[in-house]
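Numbers restart at 1 for each chain; the letters A, B, ... are given by sequence-line order, proteins then strands.
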Amino acid sequence: MRWVGVVMMVVGLLASLIASASACLAPMRLSPSTLESLTLGEGAGVVEADAIERAELLGRASRGELTPEAALAKIDARTPRFASTTPDGDPTSLTNAQLDELRQKDALRYLHVREFDFTRWPLWWAFVLGATSLGVGAMVVRDGTRRTLALRAEAQGRAGVTSGAPPRAGTFLPLQAACALRDGLARARRDAAARDCPVERMSALAAGLAGLLGRECAAFRRRGRLVQAQVGNAAWSRVSGRFGQVERTLQRARAAAEDGDAPGAESAASRAAELAETFEEELGLLRMRLGG
Amino acid sequence: MSPSGPGGSQTTGQHTPRAIAVGIVVGIVIAPAMLASGWSGSGAGGTWLGLPIFGSVLAAGLAAFLLRIALRSRRVGEHACAQTLATSIVAPGVGLLLGVMGGASMFEHGAPSTRLIVASLASVAGCLIALSLFGPLRRAAIDAADLPFPSGRAGATIGRGGGVVLLIATLASVLVSLPTRLPGIETPAALDQLDALVRRERLTIEDALRTRMIAGFADARTAPSELAELGAALAERADAPAESPEHAERINAARAAWADWLAQNTHAGPYHASPTPDELALRVHAGAWDELRSVDAGWAGAPLFGYADLGVRVRSETEADAPRVDFAFNGVEADAPPRDAVLTRASDRDHNGQADLIVTDDAIDVGRALGVPSAWPIVLAIAPFALGAGLVAGTRGLWIASGGVLAWLVLSPIAFHLGYMPASVRAEAAGAWSEARMHGPIGLGVLLGGGLCVAIVALRAMTARDDAPHGGRTEPAKRDATPSIVLAVVGVLGLAIACGMEGGTTQGLVMGVLGAALVALACVVVAPTRGLSDWTPLVPVAGAAGALSLMLSGSTGVALACACGAAAVLTGGLLSDGVTGHFAGVRPRTLRWLALAGVVLGAAIGLGTLAIGADHIHAIPARLPLLEGAFEASARSGQDAGAMVVLGAIVGGLLGVGALAGLGVLIGAGMCMPIGLVLTFTLGCIARGITDAAWARSTGASGRWAVRVGAGLMLGQGLVELGVAVARIALSAH
């Protein structure tokens, strides 16, 4: 079903964009009085100055067939054929004669104008259909994605139990990650505290925290969308905020440890442990609220 | 990284005096360079405002150099603080740049000095509003969405040293980037170089002819009286305390006489089409014959080496039936027959008599090399920065890339083939025309509609208290609230005052409140765009503000454009720095206060730079006018094609209904990006996807390598941009 939604979105997006592109077009089949009343869009009637034509005209001037002034006047007259604005910057309209020239010489089908009018819009129906398809497809995709992600989160949560996640976390995926984080941090601090040499202690703490950040934190971030699908947008914004706080404090502890700043590292690691504990408690409450 | 031992400092130093000093020094180096150079063009069909984009990475690189090498500090927290302070100094400068240059081209209301004050005040006000939103945006983009923020991650990598991989990637990037920017440095061309420069398409025939004429004046130490008279008229106006109608009349008459002389005496109508600069007349009038050999006076400039000099061109095909012409028309004898063959349109689109270049200074036209039809522009920008950003962003960046591909390779060719473009638009120009008048305005709408959708979703998430574990906001969110509200109130008041200075009290209040909403929307739009592609959609955002101002007031709008521009740049930079700070463990509120200090300092530096540089305004590098053009085009197209913007906004909003709330922003941003950069960025994303798939992903080795290589590529190009900007300032001052 999700793929149907994706197809509807793609088709709807293309149709609505192409239809939008025709919003400022006026079909040349409209009555001359209507067309004359419209103001031209930017760049209307611009004709590139062609270097070959220029060279030809100047060559004729050099051979005496044209005066230099006349050649220049012809070149200048080429750009633009009709201006979309007057020298004062006001928008202009086309005359009937110019419209005839456009129809016959250029076989033009549409004029690019500034005014929008729903009744004159050639592809309004395509936009309505496309936007409907896009909206319906988007909702189908959203529901399908949410369902799929929630199922995957459930499955990963169950897999976590069998692969050694702490029993207190149950099958609730974010709580498993929080427990792993808290336990990992306690382990890293314990390992570091066991060293006698201060330099070794800091090295061990830095290595332990780097491992924790690279493993547990990265895993939590990778599973972010699954967790979001499981807990909903509002709860996710708080869960992710709290997680970010924990991760940042861990980074601070790691930076201090790498810098050999023992008090700073220990203070930050201690703060991270407090935050991790709070994080775990909050997720426990959230699990209860969600009925997990 | 090995610990430095217990003998180090006993505090977890982050915002130390050393970090603050380094941040200020780096900011002072970057901000004036940005103001003076400002605009970095990409020949790949579009433009980027250069240094603000490179701001974070450059600040990271320079701060790392100063801290790690000069001051022997390895503290990543110090590095992140210095980086944040430096990039925040840049943001108000962008607002000033928009106000002084971009705004000047559209809104002629008010004296330049007033406009400068309005621009400064509005830029700072926009920055304050952006700062007030930093907390929620950071939580949404960094904590909740975990967006990669390539330059932020690059900054973190640089702050930690980065190792040999980073160094090699930086050097490679410098080597690749140099020929893209070196042609921006020009020295006066020697006369015997002129023909070769014309053949290499570095000069037009008119430039060469004009230079030879000026050389004649300089050698003879005399010039036509018409030119001297024009110089006298210009000098008189410059010396007069106020311009009078008589001055204008005299100057116009002198210009006409000089044009007549050119047309009659040189057989050289080209001069008429490409008039000589006023500086030539002024120098002739002053008798400064030795100073005529200057680019300012119209003497042709010889650029340094660029990729275009390799001469990689499409195959040359001659139009068999076309009569021969004289491309080098320069007043040859009347009986001399034209000798130049005319090439087919396929091999010479600009009809200058030479087959077109496949490799230009900053782009490779892969589509032409492969024979792809002209309506499909497949161009790769030579931009290691974009490649690096793609490498760091990974496959998630493909969302943005898909917007660019949709606009340039689907929508534009279809519109061309359906006859939606004027008959005068050729297939090869369809993309550029569509960017200005069709997919550009639609993309702007998709961007804004998507931004609204993101804002609604974020607001719903933030206000949904019932589902929260403790039924309310988290502690950091509560702590953030008061200063955020104060900053927002001061920002809105400042913006209202700036708008009021432009258009009166009532209009100021209305525009101030509406403008604050637009600034907030700009910040919301920037977060996901910057997060996934490192691109700050500055021109679309400032263009939208300009269009809104034009619709509401008709003549004023510098304030709104500046506020939006500065806020967009600050938001982008601050979020990137937020990621660097996150990996360094710096508290977000520390970053915010540093940014506030940087904004105030940046406004002062910006004003100072402009005041010092006022006498050299003519020497501002030539690419700066591109900013005026891009800004004006964006605002005008937004105003003219208002219907397309609204329809695009509906599409953008609907896209956000799906599984990804920010999809509209991402697709819209991609639609507003130049195709060359989109495709180069896409290559980076795909390369990362392939390496992730090929390498054992679980070890994370692929990611670490990609971030280091990407950081090096970004830093290298940033350094080249900065170096070239400084060189150009030095040359113009000289």
Side-chain angles (χ1 to χ4, degrees), chain A residues 16-18 20-25 41-42 46-47 50-52 55-56 58-59 62-64 68-69 71-72 106 108-110 114 116 131 134-135 138-139 141-142 145 198-199 202-203 221 224 232-235 237-238 240-241 244 248 251-252 255-256 258-261 263-264 282 285-286, chain B residues 1 3-6 8-12 74-77 139 143-144 146 263 267 269 272 325-327 329 332 334 338 342 351-352 411 414-415 419-420 422-424 437-438 442 461-462 464 467-469 474 476 582-585 636-637 640-641 643-644 647-648 650-651 654 657-659 700:
Chain A
S16 52
L17 287 181
I18 291 167
S20 302
S22 71
C24 288
L25 297 179
E42 195 69 30
V46 169
V47 176
D50 190 299
I52 290 178
E56 279 171 353
L58 292 171
S62 75
R63 290 191 294 276
E69 291 84 351
L72 289 170
D106 297 331
L108 207 66
R109 289 166 61 198
Y110 300 103
R114 295 188 187 188
F116 171 72
L134 178 59
M139 281 190 277
V141 169
R142 186 182 60 180
T145 306
V199 175
M202 286 299 101
S203 293
R221 287 208 174 277
N233 284 343
S237 75
R238 284 159 189 80
S240 60
R248 211 163 28 247
Q251 293 278 16
R252 196 179 314 143
E258 284 175 344
D259 201 37
D261 175 10
E282 286 180 357
L285 287 171
L286 181 64
Chain B
M1 185 189 298
S4 57
S9 163
Q10 295 301 301
T11 59
T12 311
R74 292 185 160 192
R75 290 181 180 169
V76 288
R139 282 192 288 278
D143 289 345
D146 189 27
H267 294 268
H272 183 79
V325 295
D326 181 9
F327 282 108
F329 171 77
V332 288
V342 172
H351 265 182
N352 67 350
L411 187 59
I414 289 178
Y420 290 178
S424 56
R437 298 171 188 93
M438 211 166 257
I442 295 173
M462 279 191 282
D467 292 342
T474 55
H582 182 89
F583 286 115
R636 296 269 180 219
S637 68
D640 288 354
M644 289 194 201
L647 294 172
I650 295 171
V651 174
L654 288 171
V657 172

Under the side-chain contact (heavy atoms from CB on, under 4.5 Å) criterion, do B:R139 and A:S240 qualify, and how do the steps go? CA-CA 8 Å; B:R139 282 192 288 278; A:S240 60; over 6 Å; no
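Interface residue A:L25: only side-chain heavy atoms are found under 4.5 Å from chain B. Contact annotation for A:S20: both backbone and side-chain heavy atoms come within less than 4.5 Å of a heavy atom of chain B.
The heavy-atom pair separating B:M644 from A:A23 by the smallest distance is CG-CB, 4.3 Å. Listed here is the closest heavy atom pair of B:G419 and A:Y110: O-CD1, 3.4 Å. The shortest non-hydrogen separation linking B:A584 to A:A255 is O-CB, 4.1 Å.
Side-chain contact between A:R248 and B:D143 is present, with at least one heavy-atom pair separated by less than 4.5 Å.
When atom types are taken as modelled, the side chain of A:R252 and the backbone of B:G585 share a donor-acceptor pair closer than 3.5 angstrom.
Among the candidates A:G135, A:S16, A:A138, the residue making the largest number of heavy-atom pairs closer than 4.5 Å to chain B is A:A138.
Qualifying side-chain contact (heavy atoms from CB on, under 4.5 Å) partners for A:L17, counting only residues two or more places apart in sequence or in other chains: A:L13, B:L406, B:L411, B:I442, B:V446, B:V651, B:M671. A:R221 pairs by the salt bridge (charged side-chain N to carboxylate O under 4.0 Å, His left out) definition with A:E247, B:D146, not counting sequence neighbours.
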